J.: 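A single structure is presented below for examination.
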Amino acid sequence: MTSSTVVTTTLKFGSNHEPISLPVRVFSLIRSLFVFLVSENVLLWSRFLQGRRNPQAEVEGPYYVVGAPDRRLEEGKALLASLDVLKAFGPYLVTITVTSPKGEPVPHAVLDWWQADTAGSYSLTTYRLRGKMTTDAQGRIEVLTVAPGKYGPEGYERAGHFHFTIADEEEKKWETLTTQLYVCKGNDAKEMGTDFLNFVRPARPANMVQSWSIPSSDGKRFMDFPPLAANDIEAKENIRWWNEKLAEHDENLTVVAGSQVEIKMNAPPRLFFF
Ligand SMILES: [Fe+2]
């Protein structure tokens, strides 16, 4: 299947809780341990590894699982959440533009995404809220998902975040980037201050997205996000497209919030061991 192939324009809500086999779970756990100890060694990551080379880089963390399914609907559009998850937490539409360090689009980059639901729960037995997707020729990808929730020990919670890697599989000019995007209530980066990861790497407030909301008829704003700007024609058009698709399954289900963000790739390291 080529990166420009149109997969389908009908949302397949029932098919994205695929089970993760035991061998894949065990392999992923061993792999994560290797990443933690070696390729993202916490003592080196900020000073010498990707944390130094790219201000939008982030550590991978322990919850990545290999082999996530393709979530593309069509070029530049991906559906990550299933209908039950969207109904439970509310559809959140995030649009990402992947660029070079000079701001040129990175076409057909492959994202491998994983996240907690809005209650802060990861699935480690299924591919719920996990999947791969591809940017379009302009480096853009719209992802329909749910806002990620906080999790972690009391007093040291991590702010809600999306995890993903970005691979420049078409031009192969840029280093594969591991990153996280934070979604904080009211767009207040203070939520990132309790993150237990702050003990091993500096906080990454630049990775907090500026979310907007579509206020409900009684004026309620999802997670206290400001209303979508009236002149944001592009976001409105994207929301209309997704709402039409959602209405095929549930006419009461509409996009409640979202964000747009640009992520810059960076050149590979010059030294072979970095
Ligand atoms: Fe996480």
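Start at 1 and go down the list; that is how both ligands and their atoms are numbered. Computed over heavy atoms, backbone and side chain alike; hydrogens, waters and symmetry mates excluded. Fair warning: this is a prediction, and the values are worked out from it, not measured in the lab.
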J.: As an exercise, state the distance from CG of L177 to CG of N266, rounded to the nearest 0.5 Å.
T.: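 CG of N266 is found 6.5 Å from CG of L177.
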
J.: Counting only heavy atoms not in E244 (residues, nucleotides, ligands), do more than 12 fall under 6.0 Å from its CD?
T.: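 Counting other residues, nucleotides and ligands, CD of E244 exceeds 12 neighbours.
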
J.: Give, for atom OH of Y64 and atom CG of L29, the distance between the pair rounded to the nearest 0.5 Å.
T.: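 Here the interatomic distance stands at 14.0 Å.
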
J.: Return the orientation label for the H163 and H161 ring planes: parallel under 30°, perpendicular over 60°, tilted otherwise.
T.: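 Correct class here is perpendicular.
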
J.: Please give me the protein atoms (N, O or S only) lying under 2.8 Å from the Fe ion (ligand 1), ordered by chain and number.
T.: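 Atoms qualifying: Y122 OH, Y151 OH, H161 NE2, H163 NE2.
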
J.: When rounded to the nearest 0.5 angstrom, what is the spacing between CG in L79 and CD in E74?
T.: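 L79 CG to E74 CD: 12.0 Å, rounded to 0.5 Å.
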
J.: Under 3.5 Å, is there a donor-acceptor pair between the side chain of R71 and the main chain of R130?
T.: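 Side chain of R71 to backbone of R130, a donor-acceptor pair under 3.5 Å: yes, one is there.
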
